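In the text below, chain A, chain B and the rest are named by the order of the sequence lines, each starting its count at 1. If you're wondering where the values come from, they're calculated on a predicted model, not measured in any experiment.
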There are 2 protein chains.
Amino acid sequence: MGWLKAYDPGSYPPFAVTVDLVLLTVQQEELSALVIKRAEPPFKGRWALPGGFVRPEEDLSAAAERELTEETGLSGEMVHLEQLASYGTPDRDPRMRVVTVAYLALTPNLPVPTAGGDAAYARWSPVGELLEVPRRLAFDHHRILSDGLERARAKLEYSPLGTGFCQPEFTVAELRQVYEIVWGTPLDPRNFHRKVTGAPGFLTATGQTTTRNGGRPAQLYRRGDTSVLYPPILRREPEPFV
Amino acid sequence: MGWLKAYDPGSYPPFAVTVDLVLLTVQQEELSALVIKRAEPPFKGRWALPGGFVRPEEDLSAAAERELTEETGLSGEMVHLEQLASYGTPDRDPRMRVVTVAYLALTPNLPVPTAGGDAAYARWSPVGELLEVPRRLAFDHHRILSDGLERARAKLEYSPLGTGFCQPEFTVAELRQVYEIVWGTPLDPRNFHRKVTGAPGFLTATGQTTTRNGGRPAQLYRRGDTSVLYPPILRREPEPFV
DNA sequence: CCAAAAGTGTTCTTACTACACCCATGG
DNA sequence: CCATGGGTGTAGTAAGAACACTTTTGG
C-alpha cells in the first residue's frame, strides 16, 4: 500500500548513487588503505575513500571496476573485487541524498598511485592511523573502512584471498606475514606452513625456490584454484558475528 | 578526475532507490519466503519480493523496517533484519534506473499476511518452488532470493539466528528441524542436542517441559544472549565462499 | 507393555597447539 | 661453522561422527 502507488515511474524520490572502494594492501609491515585527499568542500582537505558516481548505463560492479582501474591501474580480472555493503543515511552527504555501494579489494603492494598527476592526491595510509580517530576520514568512511577491515579479516579464515596481498609468486613465510599483519597476531610458522600447504587447492608449488628472506631456500608458490579454504585457517577468538 | 567534477551537486545521474525484503520462515516442513503478487506491469501477475521506495528523509535500515512492519506486523526490535546486498543492473527495471538494497530476516511462523485486505496479495511460498525456474519471480528477485537463502544457510552455522524461525519457547528437536529444513540435510539428534546445549549462551532453559512432540518430555528453551556460536554448528561440505 | 521421542555415554577419528628437532643456505 | 629462516615429527587436546543405550512420557 503506497508501494504500488509510489512505484509509479516519475514519482519517486531521486537519489545520487556512488560506489566507494576499500582498497587494502600490505606494505612495510602495515595494513594500508588507499585514500584520496578531497580538494573541494565538504570535508575539503580531509582524506576519503576513492569513489564516484555510478553512470546512467553502468552496472554497480562495473562502476567499482572502473574506479579501481582509474585509481590503481589494476583491472577487474586481476584482483578480487567484492561488494561490501551499502550506506545511505540521509545526512551522510550534506549536499544531497547519496546512497553509496562500497566494494572491497585486497591488492598487492603497488607503486604509490599518482592519478591526476598530483602527488598529494592519493596515497596508501595505515589503517590503524585512519581508524584511530572516528572523524579522521570524510563522510561515513570511518564506518565503511571498519566494515571492510572486518570483512577482510574474516575472509582470510575461509578463503584464499589473502594471497591477493602477495606478489604473484610468494613464499609461505610471506603469506604468513600477511596474516599476521592483517590479524595483528603472531602465528606459529611451523603450524601455519602445514595448514596452508595442506589445504587442497590453496597453493600450487612453482618448483622454484628463493633465498630473498634469508636462511634456507623457501619454495615459491602461486595462488591455487580453489575458492574455499578447507580446513580453514582460524583466528583464536572469533569476533562477534553480527 | 571526473570524480570531483561529476560529484558537483545538481549534475549527478538520478536513481530510484528501493529496499527489497527476503523474509524467510519455516512452516509445514518447508522453508518459505514472503512474496507479493504484482498488480501492475511490469511483471503484472508475477510474484515478487516485498519492497518499496526509500523515502527522502529515511535511512536504508529504517525503510527496511517500515516495509517489514507493513507486510508482517513485526517490528524491527522483534526480528533480526540484516542488510544482504545491493543490486543495480541498469535494466533490472524496464521503467527507470533502480538500485535496490536487499535485507534479510528470519521470522517465526506467522499467520498468512493479508496486507491490503486482498487474500491473493501476499503469501508464503516454498523457496524451492520459487527458485525452481529462473524466471518465476519478477525483476532480478530470483538472484536476490538465492543470495538470501545462501546467507541464511551460512548464518545458521555461526550465529544463533536459527532460533528466529522458532516460537519464543522451543525444544531442541524443533530447533533441529529448522536446521534440517534450511540445510536440506538430516542431522543426528543426539549430537545436535549436545552441540546446541553445549554452546555457551545459545540457549537458556526455561525449566518447563513439553510433550507436544510426543515421547519423553523435552526441555523448553528460549534464545540465549550470545550473538556468536562457539563452537559453530557446521554443515558437512562448506559451500564455495565467494 | 510398547512405541516414540529425549537425552547420556563411549569410541574412533580429525584437526589444532606447542614445541623439539633437522635442513639448507649466506656470510 | 654458525646464524637464520625453512620445513618435518610428535605428543597432548578439543571437537566431531557414529551409534549403543537409558529415560520418560502417552496410549
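- Closest to the A:Ala173 side chain, of the nucleotides D:dG6, D:dC19, C:dG26, is D:dG6.
- Distance from the side chain of A:Arg216 is smallest to D:dG6 among D:dG6, D:dA17, D:dT22.
- Note on B:His193: every side-chain N or O is 4.0 Å or more away from OP1 and OP2 of C:dA6.
- For A:Arg190, counting side-chain heavy atoms from C-beta on, the closest listed nucleotide (C:dA6, D:dT8, D:dG6) is D:dT8.
- Proximity note for A:Pro231 (side chain, C-beta onward) versus D:dC19, C:dG7, C:dA15: the nearest is C:dA15.
- Residue A:Lys195 has its side chain nearest to C:dC16 when only D:dG6, D:dA18, C:dC16 are considered.
- Residue B:Asn191 contributes atom CG, which lies 13 Å from atom C1' of C:dT13 at whole-angstrom precision.
- Donor-acceptor pairing under 3.5 Å, judged by distance alone, is present between the side chain of A:Arg194 and the base of D:dG9.
- Rounded to an integer number of Å, the gap from CG of A:Asp188 to P of D:dT8 is 14 Å.
- Between B:Leu203 atom CG and C:dG7 atom P there is a gap of 11 Å when expressed in whole angstrom units.
- Between A:Arg176 and B:Ile233, the one whose closest nucleotide on DNA chain D sits nearer the 5' end is A:Arg176.
- Between the C1' atom of D:dG6 and the CZ atom of A:Phe170 lies a distance of 16 Å, rounded to the nearest Å.
- Side-chain atoms of A:Thr107 come within 3.5 Å of backbone N or O of A:Leu24 as a donor-acceptor pair.
- As rounded to whole Å, 15 Å separates atom C1' of C:dG7 from atom CG of B:Leu220.
- Checking side-chain atoms of B:Arg135 against main-chain N and O of B:His142 turns up no donor-acceptor pair under 3.5 Å.
- A straight line from CG of B:Leu187 to C1' of C:dG7 spans 17 Å, rounded to a whole angstrom.
- Counting to the nearest Å, the C1' atom of D:dG5 and the CZ atom of A:Arg212 are 14 Å from each other.
- No donor-acceptor contact under 3.5 angstrom links the side chains of B:Tyr87 and B:Asp20, judged on distance only.
- Between B:Lys37 and B:Trp47 there is a side-chain heavy-atom pair separated by less than 4.5 Å.
- Here A:Asn213 lies in heavy-atom contact (under 4.0 Å) with sugar-phosphate atoms only.
- Between the P atom of C:dA6 and the CG atom of B:Leu175 lies a distance of 12 Å, rounded to the nearest Å.
- Looking at A:Thr163 and A:Tyr221, their side chains never come closer than 4.5 Å, going by heavy atoms from C-beta outward.
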